2 protein chains.
Amino acid sequence: MTETAAETAGGRRSDRTRAAILTAARERFAADGYERATIRAIAADATIDPAMVMRYFGNKEKLFAAAAEFDLRLPDLSALPREELGAALTSHFLDRWEGDESLKALLRASVTNEVAADRMRELFAAQLGPMIAKLSASTASAASSATAGGANTVDAASSVDVATRAGLVATQALGFALCRYVLALPPVANLSREEAVAWLGPTITRYLTGTPSTGTRQANTS
Amino acid sequence: MTETAAETAGGRRSDRTRAAILTAARERFAADGYERATIRAIAADATIDPAMVMRYFGNKEKLFAAAAEFDLRLPDLSALPREELGAALTSHFLDRWEGDESLKALLRASVTNEVAADRMRELFAAQLGPMIAKLSASTASAASSATAGGANTVDAASSVDVATRAGLVATQALGFALCRYVLALPPVANLSREEAVAWLGPTITRYLTGTPSTGTRQANTS
DNA sequence: TGGCCAAGTCAACACCTGTTGACCTACGGT
DNA sequence: ACCGTAGGTCAACAGGTGTTGACTTGGCCA
């Protein structure tokens, strides 16, 4: 705590144990959730003393905060045609889920830990939201009409709140991750990557750019 | 033995405390998850002694099993037109989520507790699966009016595994519940009931009866 | 060489957990 | 009256938790 060193020298002893703690913490938090992942178990995984965890991270909550730091690394999708947005984003989500245990740790913990839930909320508000805003901004240039109160025009897509779209995407993305990686619901866990993208893609596309169905009118969603 | 009959008014003394324990347990499990919901806290809520919980339910796991017993009470949707299936099922899910805390308890616990996860898996396999099976059986006979354009193959729907459909519905249903009731993601929590049904309805409908995005243009070169 | 300080060890604290067993109390049947 | 028993209370156990503080090691610089 005394030195938040700026030197990125690879060999420092403390940096290696610090990294070992973080790796072990991510695995434990991802596998067990916040309360069942004990500092003692994490320390044992990293083959260090539990007191070291306190020395480096202060307390359990700060350890989790450090272990669950996460960036969705959302790509720029504004060049893609509309109907491929969902598939591309779904594919990206699958990459992020399978490439980094932090997200699984964050999901498991956010169900019972308020700090983790806060971070989850912020993740979608601060990262997914802006991406969607940029997306609809680039597609709105085609219509280029004033954003006045007329709700049921051709521009109906942009009349939906960006945050709402982000929230809807979150419901499908987190729900899929929950069923596939946490609950391991067999039919969802057994889905191939291509099947998953094929099923979720249109859903995500609609949440990103579409409109809700207005009553019984909905005829075709393709 | 004789206790099954006379429990409407007043009832046996033990039945009342038993019910009080179950109610308190459901609330605590729903609010805190499995590990943070302590027997002592549940007993305090029910204003009884912690030892009573053990007397009536044996141990914490059995208490949870009793508190999280749940029936989705899925309605018979086979009379509805295809495109309204999703909205009807979504509406029913909202009712169940908001009318009984058991589901919230089950969701929160299933993320960290294996017994709860098992029950969650069984819930969708044993209750939602059969309902979809009945659904696709009835529509296969009735929906032979091939005038509705746009579909490529009439039998394409039934070629998808029923369990897969149930799993997909689970991803959206649980994801929505997670975001709305557990994480309280603002844009999702603030959705009105009608908005929620309008957004989720088409998604659920497609998972119930539709096909993955093979019908539309496939830009996937894998 | 000698000292210094980061890095690591060890044992303990205070608290909370599920769970247990011994004890008390009300009360209906005989 | 008696007493058996269902229902309830109480204090404690054994183990696990996050966290702390005093202590020891190891390697670098003057």
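Throughout, a chain's letter reflects where its sequence line sits, starting with A, and its residues are numbered from 1. The model shown is predicted, which means the values in this text are computed figures rather than measured ones.
Annotation: side-chain hydrogen bond (donor to acceptor under 3.5 Å, both in side chains) contacts involving residues 171-187 of chain A, sequence neighbours excluded, comprise Glu98(A)-Tyr181(A), Thr171(A)-Gln172(B), Gln172(A)-Thr171(B), Gln172(A)-Tyr207(B). Identified under the side-chain hydrogen bond (donor to acceptor under 3.5 Å, both in side chains) test for residues 35-50 of chain B, with sequence neighbours left out: Arg28(B)-Asp45(B), Glu35(B)-Thr112(B). Within the structure, the ring-ring contact (aromatic ring centres under 6.0 Å, His included) test picks out no pair touching residues 100-121 of chain B (sequence neighbours left out). Screening residues 21-47 of chain A for ring-ring contact (aromatic ring centres under 6.0 Å, His included) gives Phe29(A)-Tyr34(A), Phe29(A)-Phe64(A), Tyr34(A)-Phe64(A) as the qualifying pairs, with residues at least two apart or on separate chains.
When rounded to the nearest whole Å, the span between NZ of Lys60(B) and P of dT17(C) equals 9 Å. One interatomic measurement links the two molecules: CD1 of Ile42(A) to C1' of dG18(D), which rounds to 12 Å at whole-angstrom precision. Taking atom CZ on Phe64(A) and atom P on dG18(D), their separation rounds to 14 Å, with Å as the unit. Spacing between atom CZ of Arg36(B) and atom P of dG18(D) amounts to 14 Å, rounded to whole angstrom units. The CE atom of Met52(A) sits 16 Å away from the P atom of dT24(D) (whole-angstrom rounding). One interatomic measurement links the two molecules: CD of Glu61(A) to P of dT17(D), which rounds to 18 Å at whole-angstrom precision. Whole-Å rounding puts the Arg28(B) CZ to dT17(C) P distance at 10 Å. Lys62(B) has its NZ atom 14 Å from the C1' atom of dG18(C), to the nearest Å.
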Got a list of side-chain donor-acceptor pairs under 3.5 Å for residues 18-26 of chain A, not counting sequence neighbours?
| from | atom 1 | to | atom 2 | distance (Å) |
| --- | --- | --- | --- | --- |
| Thr23(A) | OG1 | Ala19(A) | O | 3.0 |
| Arg26(A) | NH1 | Ala67(A) | O | 3.1 |

Donor-acceptor list for residues 124-132 of chain A side chains, cut-off 3.5 Å, not counting sequence neighbours:
| from | atom 1 | to | atom 2 | distance (Å) |
| --- | --- | --- | --- | --- |
| Gln127(A) | OE1 | Leu72(A) | N | 2.7 |
| Gln127(A) | NE2 | Phe70(A) | O | 3.4 |

Under 3.5 Å, sequence neighbours excluded: what are the donor-acceptor pairs made by side chains of residues 102-111 of chain B?
| from | atom 1 | to | atom 2 | distance (Å) |
| --- | --- | --- | --- | --- |
| Ser102(B) | OG | Asp100(B) | OD1 | 2.8 |
| Arg108(B) | NE | Val111(A) | O | 2.7 |
| Arg108(B) | NH1 | Ala30(B) | O | 2.7 |
| Ser110(B) | OG | Leu106(B) | O | 3.1 |
| Ser110(B) | OG | Leu107(B) | O | 2.9 |

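Residue Ile39(B) places its side chain closer to dT19(C) than to any other of dG8(C), dT19(C), dG8(D). For Asn59(A), the listed nucleotide lying nearest its side chain is dT19(D); candidates were dT19(C), dT19(D), dA7(C).
Listed by chain and number, the residues in a side-chain contact (heavy atoms from CB on, under 4.5 Å) with Ala87(A) are Val197(A) (sequence neighbours excluded). Residues satisfying the side-chain contact (heavy atoms from CB on, under 4.5 Å) criterion with Ala43(A), sequence neighbours excluded, are Ile48(A), Pro50(A), Val53(A).
Rounding to the nearest 0.5 Å gives a distance of 8.0 Å between CG of Leu135(B) and OG1 of Thr209(B).
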Just the table, please: protein N/O against nucleotides 20-25 of chain C N/O, every pair under 3.5 Å.
none

What N/O pairs connect the protein and nucleotides 12-16 of chain C at under 3.5 Å? Give each pair on its own line.
| from | atom 1 | to | atom 2 | distance (Å) |
| --- | --- | --- | --- | --- |
| dA12(C) | N6 | Arg40(A) | NH2 | 3.4 |

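The residue Tyr56(B) sits close only to the backbone: its heavy atoms come under 4.0 Å of sugar-phosphate atoms, none of a base.
Contact check of residues 112-120 of chain A against DNA chain C (heavy atom, cut-off under 4.0 Å) returns no residues at all.
Other residues, nucleotides and ligands contribute more than 12 heavy atoms inside 6.0 Å of the CZ atom of Arg193(A).
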